[in-house]
Amino acid sequence: MAFYTNEQWVQWLDRLAEQEFAVIDSFLPDEVLASVRAVLREQQLQQQWQPAKVGSATEEVRVAEIRSDFTYWLDIYRDTAARPFFDLVGELMEQLGQQLFLSVRGFEFHLAKYPTGGFYKPHLDQFDSRSNRVISFVVYLNEHWQVGDGGELRIHRAPEPITVAPLMNRAVLFRSDTVLHEVLPASAVRYSLTGWLLKQPSSLGVLGL
Ligand code: OGA
Ligand code: MN
């Protein structure tokens with residue numbers, strides 16, 4: 001059973017193809033959002049957050065200058081509460097194939113927590129050592145976010161950068177290889193579910209990926 005119609009997916013994915021990013025408000029259906037929030041709640045109890053890493057960099061000092069968030073990588077088998085979310089990711093992958101002829105082989109997702117003062121300097125999500133990330137996918141989980149809380153996603157585009165507030169259930173999809181972006185310093189704790197769709201080594205879709 002599909003979460004969304006083909007027409008709905010076409011509308012979103014056309015935007016992604018044209019602009020290289022798409023912001024979608026109220027993206028997760030209720031039961032999917034509930035599943036993600038359950039996993040986040042569990043993590044707020046378990047506190048298994050790890051300091052985030054940058055690519056395969058081993059120089060910890062440099063990493064601290066680039067990003068200061070904490071992550072918890074989801075495991076589809078261990079984090080069974082997230083199953084409805086992974087079902088939706090499966091539908092997204094199928095639609096990327098059908099609509100954009102993009103063949104994605106897998107995915108990886110983590111919860112991210114930016115403490116007060118947390119940031120992520122401008123970067124691409126594809127690094128030299130890890131070039132299999134095709135599409136980045138973020139869902140924000142900040143129920144009471146307000147102006148002044150910071151932590152906006154800034155997408156660097158000409159002529160003007162685009163600033164995206166990390167509002168509850170707002171999703172952003174963007175190309176991992178071309179879209180320069182950053183997370184502005186947070187003035188309040190900021191949560192998201194962030195992940196990447198990974199490409200089939202031999203694929204070539206309409207995005208040229
Ligand atoms: C990332 C990232 C953006 C965001 O984790 O690579 O850029 O808005 N996240 O959380
Ligand atoms: Mn990023």
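All ligand and atom numbering here is 1-based and tracks the order in the structure. Fair warning: this is a prediction, and the values are worked out from it, not measured in the lab.
- Atoms of ligand 1 lying under 4.0 Å from any heavy atom of Asp125, numbered from 1 in the order shown and given with element: 6 (O).
- Remark: aromatic rings of Tyr191 and Tyr114 are distant, center separation not under 6.0 Å.
- Both tests do not hold together for Arg170 against Tyr140: distance to the six-membered ring centre under 6.0 Å, angle to the ring axis within 45°.
- Taking only non-hydrogen atoms, the option from Glu182, His181, Arg190, Arg67 nearest to atom 4 (C) of ligand 1 is Arg190.
- Taking the Mn ion (ligand 2) as reference, the nearest N/O/S atom within His181 carries the name NE2.
- Transitive grouping of hydrophobic side chains (ILVMFWY, heavy atoms separated by less than 4.5 Å) brings Leu28 and Val39 into a common cluster.
- Side-chain contact between Ile162 and Leu153 is absent, with no heavy atoms from C-beta onward closer than 4.5 Å.
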Discussion item. Apply ring pair (Phe, Tyr, Trp, His ring centres under 6.0 Å) to residues His110 and Trp49 and explain how you reach the verdict.
Written reply: CA-CA 10 Å; His110 62 53; Trp49 303 102; 9.2 Å; no
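- When the N, O or S atoms of Asp125 are ranked by distance to the Mn ion (ligand 2), OD1 comes first.
- Proximity to Leu153 (heavy-atom distance under 4.0 Å) selects the following atoms of ligand 1: 3 (C), 8 (O).
- For His181 and His156, the distance between ring centers is not under 6.0 angstrom.
- Taking only nitrogen or oxygen atoms, main chain and side chain alike, Trp196 does not reach within less than 3.5 Å of ligand 1.
- Nearest residue to atom 1 (C) of ligand 1 from Tyr191, Phe137, Tyr120, Tyr140 is Tyr120 (criterion: closest heavy atom).
- Phe174 does not count as a contact of ligand 1, since none of its heavy atoms falls under 4.0 Å from the ligand.
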